[in-house]
Amino acid sequence: MQLARDIKTLIEWLNHDVLQLAGPCYSERLELYDFIVAELRQREHLGGKQIRVLRKALKNQRDNLLAFAKVFDDKLAEIAQQFETPLFLVRQMVRFFRKQATSEAYWRSWGDLHQMLSWKFFQLHEAIQNAMKQTPRASSLVENLNSRLRNYFTLRKHLGTPYLGLLQFFLNHRQFMSSGCEGRKGKSPREVMTREKHPHWLELLGFKLFKRA
């Protein structure tokens, strides 16, 4: 029971303090992440294979899981420069987004930040909110990618480099039929990233695309 409570606590720390978008800076996330992995390692002899598999997975995927934090840090630095506001105040407002709007701490922080930032408060609030919306966490990207790939993997018994390369090319150049972001609909991931149109993916491979007369 004590082991279960320890593991639950560590996972809650990971979700709430490390992988939460409105969290500390990248360097602090690294320290917290490594601490959680080290604590899991100390409990491997008690939990056996399951904890060892979890610990190894977290250790091997650290850089990918925390890649979003670097991007978010850069955006916060740009916001601080744009509004000529100390970075520590910008980060203090980021922590403000972690609180429940119905809590007393939320409104106390609101008043303190508004007093310190004056007229910049609402502009900073909107800028940080937009930055958070435009910074997807690695976990959501991985889950989305896995859900897209799973259907293709069931079509073949053996997966080789040529097949994976073709699949990568197809997914990068196939247009989105629908999207939560209206600007991505009818565009491929490559077009979204480069903002440049390209021919149909079959034509890019050298084939002639059939078109109804």
Side-chain angles (χ1 to χ4, degrees), residues 9-38 58-59 61-145 172 176 178-198:
T9 300
L10 292 172
I11 297 302
E12 288 177 350
W13 285 350
L14 180 67
N15 289 330
H16 188 265
D17 296 319
V18 181
L19 299 180
Q20 185 71 249
L21 187 56
C25 64
Y26 177 72
S27 59
E28 292 182 14
R29 291 180 195 264
L30 284 179
E31 294 181 9
L32 292 170
Y33 193 101
D34 291 340
F35 170 79
I36 292 171
V37 172
L58 289 175
K59 180 180 179 180
Q61 299 176 31
R62 186 191 71 170
D63 293 341
N64 290 332
L65 289 174
L66 295 181
F68 76 94
K70 289 183 178 180
V71 176
F72 191 50
D73 281 0
D74 292 340
K75 291 182 178 181
L76 293 181
E78 291 176 2
I79 291 174
Q81 183 176 8
Q82 177 185 353
F83 292 96
E84 298 180 350
T85 303
L87 184 58
F88 81 90
L89 284 179
V90 176
R91 287 209 160 274
Q92 191 169 340
M93 178 166 283
V94 171
R95 290 193 291 271
F96 168 76
F97 283 92
R98 296 168 62 95
K99 298 179 173 61
Q100 295 291 333
T102 55
S103 66
E104 181 181 348
Y106 177 92
W107 292 108
R108 189 186 305 116
S109 297
W110 177 288
D112 293 341
L113 285 170
H114 191 277
Q115 184 177 4
M116 288 186 289
L117 295 169
S118 185
W119 60 271
K120 295 182 180 179
F121 175 85
F122 293 103
Q123 293 181 341
L124 278 171
H125 186 279
E126 183 178 2
I128 293 173
Q129 194 172 41
N130 290 334
M132 293 175 66
K133 291 180 179 179
Q134 297 168 9
T135 309
R137 293 187 302 172
S139 58
S140 61
L141 292 177
V142 171
E143 291 167 5
N144 178 273
L145 179 62
N172 285 338
F176 294 112
S178 61
S179 175
C181 298
E182 190 63 29
R184 297 179 184 176
K185 188 176 180 179
K187 298 180 181 179
S188 70
R190 176 185 166 183
E191 289 174 331
V192 173
M193 293 294 293
T194 64
R195 299 180 181 178
E196 296 179 358
K197 297 286 292 184
H198 62 71

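Model, not experiment: these values are computed from the prediction. FYI, the numbering just counts along the sequence from 1.
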* **Validation row: Asp34, Arg62 side chains within 4.5 angstrom (heavy atoms)** => yes
* Asked: For the atom pair OG1 (Thr102) and CH2 (Trp107), what is the distance rounded to the nearest 0.5 Å?
  -> 10.0 Å
* Asked: Heavy-atom distance under 4.5 Å between the side chains of Leu66 and Leu19, does that happen here?
  -> yes
* Structure fact -> Closest non-hydrogen atoms of Lys59 and Tyr33, given as atom of the first, atom of the second and distance, are N-OH, 4.4 Å
* Asked: Would you call Asp73 and Arg91 a salt bridge, using N to O less than 4.0 angstrom?
  -> yes
* CD (Glu12) with more than 12 external heavy atoms under 6.0 Å -> yes
* To do: Taking the side chain as every heavy atom from C-beta outward, state whether Phe122 and His114 have any atom pair closer than 4.5 Å.
  => yes
* Asked: Are any non-hydrogen side-chain atoms of Met93 and Leu117 less than 4.5 angstrom apart?
  -> yes
* Asked: Minimum heavy-atom separation for Ser188 to Phe176, with atom names?
  -> C-CE1, 4.1 Å
* Structure fact -> NE2 (His125) and CG (Asn130) are apart, to the nearest 0.5 Å, by 10.5 Å
* Distance, nearest 0.5 Å, that separates CG of Asn15 from CD1 of Ile36 -> 8.5 Å
* **Shortest non-hydrogen separation from Pro24 to Arg29 and the atoms involved** => O-NE, 2.8 Å
* **Gap between atom NE2 of His198 and atom CG of Asn172 - 0.5 Å precision** => 9.0 Å
* **All side chain to side chain donor-acceptor pair (under 3.5 Å) counterparts of Arg98, not counting sequence neighbours** => His16, Asp17
* To do: For Glu84, check side chain to side chain donor-acceptor pair (under 3.5 Å) against everything at least two apart and list the hits.
  => none
* Structure fact -> Here the salt bridge (charged side-chain N to carboxylate O under 4.0 Å, His left out) pairs for residues 112-128, sequence neighbours left out, are none
* To do: Would you check, one step at a time, whether the test side-chain contact (heavy atoms from CB on, under 4.5 Å) holds for Phe72 with Tyr26?
  => CA-CA 9 Å; Phe72 191 50; Tyr26 177 72; over 6 Å; no
* Any side-chain heavy-atom pair from Val90 and Phe83 closer than 4.5 angstrom? -> no
* Looking at Lys75 and Gln134, what are the two nearest heavy atoms and their distance? -> NZ-O, 3.0 Å
* **Trp13 atom CH2, over 12 foreign heavy atoms within 6.0 Å** => no
* **Closest heavy-atom pair and its distance - Glu191, Lys187** => OE1-CA, 3.2 Å
* Structure fact -> Leu76 and Leu87 have their tightest heavy-atom pair at O-CD1, 3.8 Å
* **CD/Gln129: more than 12 non-hydrogen atoms of other groups inside 6.0 Å** => yes
* Nearest-0.5 Å distance that lies between atom CG in Leu89 and atom CG in Leu113 -> 7.5 Å
